[in-house]
Structures are given as C-alpha cells and as structure tokens.
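Worth saying up front: this structure is predicted, and the values here are computed from it rather than measured. Every chain is numbered from 1 and lettered A, B, ... according to where its sequence line falls, protein lines coming before strand lines.
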Amino acid sequence: MKQYECKRVENCFSSANIYEYRLPIKAKEEFIECFAPLGVIKYHKNFPRPCFQASLTDGATIKGIIADSVIKVSFPDSNPQECKANFEIFLEDLLKQQSAGRER
Amino acid sequence: MQVYVNNAATSWPKAPQVGEMVASYISDVPHHAGRSGFSGPDIAGECRKLLANLLQVKDATRIVLGSNATHALNIALHGIHWQPGAAVVTTAAEHNSVLRPLHYLGKTKGLAVHILPVDKLGRVKPEEWETALVKYKPQVAVFTHASNVTGAVNDAALLGRLAKQAGAITLLDASQSLGIVPVLPEVWGIDLVAFTGHKYLLGPSGTGGLYIASEVDLEPVWVGGTGVQSDLDEMPVTMPIRFEAGTANDPAIAGLLTALKWSTEHVLNVSALQSKTERLATGLVTAGADVIVVEPPRTPVISFTLKNWTVEDAGEVLQKSFEIVCRTGLHCAPLIHTYLGTAPAGTIRLSLSQFTTDEDIDYCLKAINALTHETV
C-alpha cells in the first residue's frame with residue numbers, strides 16, 4: 001500500500017502534469033534535503049509561511065510549505081508519466097526510510 | 001493574516017445576511033413555488049424588480065433568472081434564429097463563456113466568427129469595431145463590458161450603438177461590470193445583457209441572468225416544466241418563464257435578493273474603490289511589478305507579472321506562503337494575452353471589492369515587495 005495520497009491538480013493548461021502528494025509526515029527541512037541528489041533546492045525562509053522549491057534535473061519541480069504534509073509536483077511536458085513513476089518510486093523509498101528511522 | 005483579492009472570480013465577503021437568507025430558505029417550509037398571486041413571497045419577482053431598477057429597464061419580466069452568466073450567454077447565443085451563413089463579431093478580450101459557445105456554433109452551424117483584436121489594455125478599438133461591423137455585416141455582435149483580466153471598461157454605449165446601426169443584435173457580457181459600473185441596455189440600445197449574481201452584485205454563486213429586449217425573438221434552449229401552463233405541449237410564451245424551465249435555485253435567488261436590497265440601501269462609493277485600486281496599482285509599480293496600468297473607466301481588477309518569477313510560482317507563493325487568495329494564469333480569457341504581451345503564461349490578478357481594506361492592500365504590497373526582492 002502506498003504511503004502517500006496523490007491527486008491531480010488542474011490549472012489553465014490542458015497539457016499540465018501537476019500532482020499534489022499528501023505525505024504521512026510533515027515535509028521538514030531534513031526531509032526536503034533528501035531531494036538534493038535529484039536537483040537544486042531553494043528555500044524562502046523569510047516568508048510568513050516559509051516555502052521551498054526543488055528543481056529536479058529531469059525537469060520536474062517540487063514545491064511546498066516547509067513542514068506541511070502536502071507537496072506539489074509539476075512533471076515536464078516531455079515524458080511526464082515516466083517522470084512521475086520514477087518520482088513516486090523515489091518518494092516511496094524515501095518514506096519507507098523515514099518510517100524505518102522513526103521505528104528505530 | 002489572510003487576504004481575499006479574487007473578487008473578479010467571486011466576491012467575498014458577500015453582502016451582509018446573504019448567507020443567513022440562503023440557509024433559512026433551505027431550512028424553512030417551501031412556498032408554493034412557481035405560482036403567482038399573493039399567497040407567498042415572490043422572491044424571484046422581487047429580485048427581477050431590483051435588477052430592472054439597476055439596469056434601468058422598464059419591464060422586469062424581460063429579465064430571465066438562471067444559474068450564471070455562462071448559462072445566460074448560452075440561452076442567448078443558442079436561442080438566436082441564426083440565418084444561413086451568418087456572421088458574428090466579437091473581441092479577443094472575451095471570456096471562454098463567450099468564446100466556447102461561439103466556437104461550438106461555428107462548428108455546428110457554420111457561423112463565421114470574427115474575433116477582433118484589442119488594445120494593450122484589453123479594450124476594443126471603436127474604429128476597428130465599426131470597420132468590422134461594416135465589413136462582416138454580423139447578425140450578432142458580442143462583447144464584454146469590462147475585461148476580467150485588466151479591468152478595462154469598454155464604451156458599451158458607443159459599441160452598442162455602432163452595432164445597432166450595422167443591424168446586429170447586440171449581446172453584452174456584463175459579468176464583470178454589473179454592480180460596479182452602470183449597465184443601461186435600454187439607454188444604449190443593447191438587446192441582450194448576460195450577468196452573474198456572485199461577483200459585484202455580492203450574491204451567492206449559482207445565480208445570474210439574461211436581459212432580453214422585447215424586440216428580440218429568442219428560441220428557448222431549455223424546455224421542460226414551468227409549474228404553470230402545464231397543459232401546453234410547448235414552453236409558454238409568457239416571460240420570463242419561457243426561458244426558465246425546471247426548478248430554480250430558489251435559496252440562491254433569495255440570497256441574491258438580499259444582496260440587491262443591501263446594495264440599494266448602501267450605495268457603492270465608486271471613488272473610494274477607485275482610489276484603493278489606484279493605490280494598489282501604484283504600489284505594485286513601485287514594488288517593481290510589470291503592471292498593466294489601466295486608466296478609468298475601470299473595474300477594481302489589476303493584472304501584472306514579476307520579472308524573476310513565473311506567474312505560476314508567484315501565485316503559489318502568494319497563496320500558500322502569504323495566504324493571499326488571488327488568481328493566476330489565463331483567467332479563462334485565453335486570447336487577450338497575445339495583445340497584453342502576457343502570453344502564454346498569463347498574469348497574476350488581484351481584484352478588490354468595496355470590502356477590501358487599506359490593511360489588505362498594504363499586506364499585498366508587502367508580499368509583492370518580498371517577492372521582487374527574492375527569486376526562485
């Protein structure tokens with residue numbers, strides 16, 4: 001069973017490939033940093049609700065509020081489904097590791 | 001702090017007591033719906049009367065109540081007795097509520113749809129409008145009163161007069177104007193006016209309507225039960241029920257009536273709202289935003305972009321980090337952006353209402369300043 005819920009997000013463009021993921025944990029900075037091997041992460045810590053954006057090398061972007069349980073991921077127009085599948089494998093593994101870490 | 005500046009999408013807050021009226025209408029024992037006489041309150045009739053006062057039309061029964069402006073526009077556009085090979089003239093500033101029905105009619109009925117360019121603020125150029133009317137001799141001319149992207153208000157009296165002189169049926173989309181800008185179809189010679197109840201009329205969503213001038217012969221698009229004259233095979237010819245088949249959204253209409261009464265008693269301070277809009281626009285320019293600066297007449301809608309942010313990212317941060325409820329993207333008006341220079345991503349849009357406070361505006365400006373001093 002997946003550890004997250006995924007829901008498509010619509011915007012003005014029919015070609016958009018955007019999904020929200022509700023995680024079983026709050027995406028704190030240590031969790032967000034786990035995406036660092038996949039791309040570049042930028043934080044906006046001076047905003048009222050601090051947020052982050054991770055630009056992955058495969059063209060996907062992850063956005064969210066730090067310590068919120070929902071992250072929003074935009075997949076690139078080229079090959080979005082493969083990109084989504086790869087992201088979800090990475091996310092699932094990451095969440096399992098987090099879960100195992102909590103249990104230890 | 002949460003700030004709501006998305007009034008061009010739907011107004012919030014609504015007029016006082018609107019919510020309570022909707023709730024009580026649902027909770028209370030229903031009246032004998034759809035019948036006349038003095039036995040119960042005529043919510044729809046009262047609503048029509050106040051709308052007729054607002055539109056300054058003599059006969060309130062010419063106002064058909066429906067679900068929204070899209071519903072009204074479809075009643076109008078699909079109800080017209082189209083001549084073979086007919087032409088329609090419209091503008092690039094239109095919302096999809098106009099563009100999509102016209103596209104559909106072009107495909108299914110072979111209408112020639114001519115979409116005129118607009119200026120860099122989103123207004124129709126009257127000289128181009130006049131030229132197109134002469135050139136294409138349209139059966140119908142459709143245009144928005146105010147752009148939902150920039151707030152620019154068209155000279156509806158002039159555009160309507162030119163269209164009438166060319167022999168066209170005129171259809172005005174007043175979704176963004178009614179309640180905030182005078183809309184005077186009989187004075188201006190406009191045949192059809194589509195409007196919504198949930199924007200600047202401050203009523204609930206799921207309300208709207210269509211004014212139909214007595215000279216215009218429309219065929220009903222929706223046919224069915226009317227609660228009266230049930231022995232007829234066809235829709236009654238009586239207005240407005242000819243165009244009001246099916247059970248109405250009575251609780252929402254009661255809410256709209258409450259809003260209209262409130263607005264009648266509390267006349268909008270147009271200059272105060274204009275000042276707030278100008279202060280926000282000026283502040284945005286100072287903050288470094290690329291603002292589409294619109295001179296009056298205008299509605300309290302401001303569109304802009306930010307140099308170092310995509311529209312989508314800026315909107316995301318404004319909504320989630322700053323809790324500013326606004327709108328980004330195309331705003332359902334996909335064609336106008338070519339003329340505004342904001343294609344393909346669209347704009348960030350802040351739209352005020354009479355309930356927007358100075359504190360709200362200050363907070364928005366603080367947020368935009370924070371964004372312009374930081375990049376993704």
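With rounding to the nearest 0.5 Å, the separation of CG in B:Asp313 from OG in A:Ser74 is 8.0 Å. Interatomic distance, CD1 of A:Ile65 versus CD of B:Gln319, reported as 11.0 Å (0.5 Å rounding). For the atom pair OG1 (A:Thr61) and CD (B:Glu312), the distance works out to 7.0 Å, reported to the nearest 0.5 Å.
Contacts between B:Ala367 and chain A at a heavy-atom distance below 4.5 Å are absent for every atom of the residue. With a 4.5 angstrom heavy-atom cutoff, B:Pro344 touches chain A only via backbone atoms. Neither the backbone nor the side chain of A:Asp68 comes within contact range of chain B; no heavy atom of the residue lies under 4.5 Å from a heavy atom of that chain. If you measure heavy-atom distances from A:Ile41 to chain B, you find no contacts under 4.5 Å at all. Only the side chain of A:Phe13 comes within contact range of chain B, judged by heavy atoms closer than 4.5 Å.
The shortest side-chain heavy-atom distance between B:Phe322 and A:Arg49 does not fall under the 4.5 Å cut-off. The shortest distance between side-chain heavy atoms of A:Lys72 and B:Lys320 falls below 4.5 Å.
Heavy atoms of other residues, nucleotides or ligands lying less than 6.0 angstrom from CZ of B:Arg279 number more than 12. No more than 12 heavy atoms of other residues, nucleotides or ligands lie within 6.0 Å of OH in B:Tyr104, so this atom counts as exposed by the packing criterion.
When all heavy atoms of A:Cys51 and B:Val317 are compared, the closest pair comes out as SG-CG2, 4.1 Å. When all heavy atoms of B:Glu374 and A:Tyr43 are compared, the closest pair comes out as OE2-O, 3.8 Å.
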